[in-house]
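Written below as structure tokens is the structure these notes are about.
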Amino acid sequence: MERTSTGVELRNLRRTFGPVVALDNLNLTLQPGELIALLGPSGCGKTTALRLLAGLDQPDSGEIVVGGKDITAVPASKRNMGMVFQSYSLFPNLTAAENVAFGLRVRRVSKSERLKRAAELLELVGLGEQRDRYPHAMSGGQAQRVALARAIAVQPDVLLLDEPLSALDAKVRTQLRDEIRRLQIEVGITTLFVTHDQEEAMAIADRVGVMRAGNLEQLDLPAVLYARPATPFVASFVGTNNVLPTTVEPNGTVYVLGRALAVAAGSDELAVGQAANALLRPESVSLGHRDGGTDGVAGVVSSTSFFGSVTRLTVKLDAGNFILVDMPSVIARDFSAGAEVLARAMTNEVVIQHQEAVALVDE
Amino acid sequence: MSNLTQSTVAAGVRPSRAVRRQRAMRRARNVAGLFPFFIYTMIFFGAPTVMVVVKAFQDQKGHWTLANVAESIQTVYFDSFVESLKLSFWSASTGTIVGFAATYALLKTGNAWLRKIVQTAAGVFANTGGIPLAFMFIAALGTYGMVTQWLQKIGIDIYGGRWTLFGFSGLLIVYLYFQIPLMVIVILPALDAQKKEWREAATNLGASTRQYWLHVGGPILFAPVAGAFLLLFANAFAAYATARALTSGTLPLVPLQIGSLLSGNVIADKANLGFALGFGMIVIVAIAMSIYNVTQKRAAKWLQS
Amino acid sequence: MAAIVKRRKERHLFAWLTLALVALYFLLPLVSATEFSLRENNGTHGLDAYRSILQQPDFRDVIMLTLRLTVISVVLSLVIMVPTVTMVHLGAKKYRRLVEFISLQPLVIPPIVLVLGVVNVMPVSWLGSADLLGFEYVVLAMPFTFRALDAGLMNLDVKTIVDAARGLGASWLTVLVRVVAPNLKSGIFGAMFLTIALVLGEFTMASLMLWNTFPTWIATVGQSDAALSVALSVASLAFAWVLLVLISFADRRRKA
């Protein structure tokens, strides 16, 4: 199945539904063979972008270029793209093998040839035994595997995944996620993956694009996105944050958990003396015992959650607010619930944002 | 004793004799609770039905014979079966097509308000039958009907030729008044269950509209539509009142034949012929309904996922 | 792109056109019947036909008989079906399929066949009483009463509720009246309305068992006075439709 991969370019895409602007002005380039995940809250326009690329919806303006050719006016059925939907997309009247072979059937591939290909592909997604099953007799995870096999059966230029894992339960979800990634690399297919689950996006993608209200806020490698968010929205949407109130000092720094920290790039522009929220990652907080005498803000450990190598502690600060602290489990053993601690920021810079901006995170 | 303890016992060791006896009593009481229903249906439904079937195979003196059944599928009675089947077939197929088109159009408009109205109206019209329906159409398309007079004014005399409301095609038009709504009621859930993802997935995989309907949409809808057709068929086949009021017995339909045999409008020695005709009706409706059940089961399986 | 939008609109228009034509087919007979029933001898329109309904000599008898049959069928339907359906949702779950099967059989046996059997199998003394007709209406209504009640109980976990009530020391009768009945309310109303609508429209069995109920009376009247019989038809349809619309609202509330 070796073949040259195709690049994709979305240029100035705009799509409105009445007064609602689903996509404002989207520019996005996928390198050949690359997997980009579009991440964002519901209604941010990520699914609209995917549907425009698939041709299931038409943009108000802008161009879609695949492999150097403008395909904006090409109907969906002629675009040669494979798509996996969130759920319900298998044809209920066809068996697994017939579903996988469907794209080949409408391309008039001979019956023996297409059934052979279907069998291979089902083998590839680990469902070789299930080829004669009907969708109603399959589990959610199996159905999505078949849908995936069906999408790549036509050797599409681009693979489109529209929240393919969100209807599955946690364990199947991570399993299938890793399998999709393995398969994508194996086939070398350019892929756009849409999800609202940041962990999923980070785990699967070469690059992750965070969208908000029809705009792409930042497109970067997962690690960069996490470490150097370009906007406060990205900072608050990606990863877990402690939101700590603070004030901008005359020298431009902010005091967070007993330390003066530089304001990171991508923060909101705030004047000296203005109240702000600092977004501090749980792993950027260190704890010490109060009798140990180190400086920091006093608090009491209220609970601990064990996540294998990492343990997450909830600390109630004396001021009354709670913060989360992640630390290696080996160290966390020293801090059981009720321990009196001093919390300290363990970073040199921090993202700050307008205090009222926090509300946007949960929309 | 609560169910909780009972099931705990059941999951572990073999229940004690006391528990088993108690369960047996409970079971007996439950079945006893159903006795009134069984007895009632046996007297007022089972007995008459069995009577029809048995007498269909007996002569007037109670001897077993196939003569009644043989005669019921001959001459004028055979004609009445043909006529009934024809009327049922045409009213069911027209009802299926028009009802399907109307439902499809309804969903195409995507108007929730209209949908509510149509659903309620369909429920109401599907239950409209019998005598009032007949008179309603007499008022519309009868010799002095309003629509007839309107058409006369613009120069169309529908009674100018041989057409009459009181014949086969007239009855067909009237039957559609309850057949179309029934189709809407039956097919709406099936059309609702069509997932837009199927269509989009097919398009995405390169299928044309025609190919989608040929390979996916058509096969999926076949079972529900065939089922609906059979239901409409049985519905028309069993109808008596409307036909009786409109045709006054001039059209030879099986229910009308049974009616006139029952009213004693025929020679006495043919009394048991009515039972044979009744038996024939049961057989035909039962066949239609059994196939209907099969189609429903298949449709349910496909459409649930 | 403009072409796509245009095509979408055309398809929309076609859908509305289809619905309008179908609506016309359903409304024309209604309008016609109303107009017809208002016709008077001198070529004008008025309420003569409706006024004359009350003056018909048979009117009182017909209404009394129809009411009597309605009451019998409704009461008997509920008395038999409510405990039965409750039972199959409680202890006798495995009998649900059987009870459902039997309840739906009247859809397979046409009324014309059933009445053929009834007049031949029932003792002459029973046939002499109109009440037998009411008993048979219970059978004809069974598919509808079963479904309405079954759907009412399907939505809630009857077993848990009943066990809870029993656990609190309630007797079986209390459970039935206080716990099951309220939960069955919409199902009971649905079953009642459908039974009433059925009795008010049933012609086949009534006419062949020679009872003069409302529908058979309309047919008889129709042989001499067309306007009157159409007026009666309009009146009975209007009444039945009000009942059926009420059912559909009750249904919707249940689903909500």
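Throughout, a chain's letter reflects where its sequence line sits, starting with A, and its residues are numbered from 1.
Phe91(A) contributes atom CZ, which lies 10.5 Å from atom CZ of Arg199(B) (distance to the nearest 0.5 angstrom). Distance check, rounded to the nearest 0.5 Å: NZ of Lys195(B) to OG of Ser87(A) gives 8.0 Å. Between the CZ atom in Arg108(A) and the CD atom in Gln211(B) there is a gap of 5.5 Å [rounded to 0.5 Å].
Two residues are said to be in side-chain contact when any heavy atoms from C-beta on lie closer than 4.5 Å; Pro92(A) and Trp198(B) meet this criterion. The closest side-chain heavy-atom distance from Arg51(A) to Glu200(B) is below 4.5 Å.
Proximity to chain A is absent for every atom of Ala223(B), based on heavy atoms less than 4.5 angstrom apart. Interface residue Arg107(A): only side-chain heavy atoms are found under 4.5 Å from chain B.
Listed for the Asn204(B) side chain is no donor-acceptor partner under 3.5 Å among the backbone atoms of Ala76(A). Asn93(A) places a side-chain N or O within 3.5 Å of a backbone atom of His215(B) that can act as its donor or acceptor partner.
Residue-environment remark: CH2 (Trp90(B)) stays at or below the threshold of 12 foreign heavy atoms within 6.0 Å. Around atom CZ of Phe168(B), more than 12 heavy atoms belonging to other residues, nucleotides or ligands sit under 6.0 Å away.
Between Ser77(A) and Ala207(B), the closest heavy-atom pair is CB-O, 3.7 Å.
Ranked by non-hydrogen atom pairs under 4.5 Å with chain B, the options Leu94(A), Val106(A), Leu104(A) are led by Val106(A). Contacts with chain B were tallied for Arg150(A), Lys78(A), Arg79(A); Arg150(A) has the most, counting heavy-atom pairs under 4.5 Å.
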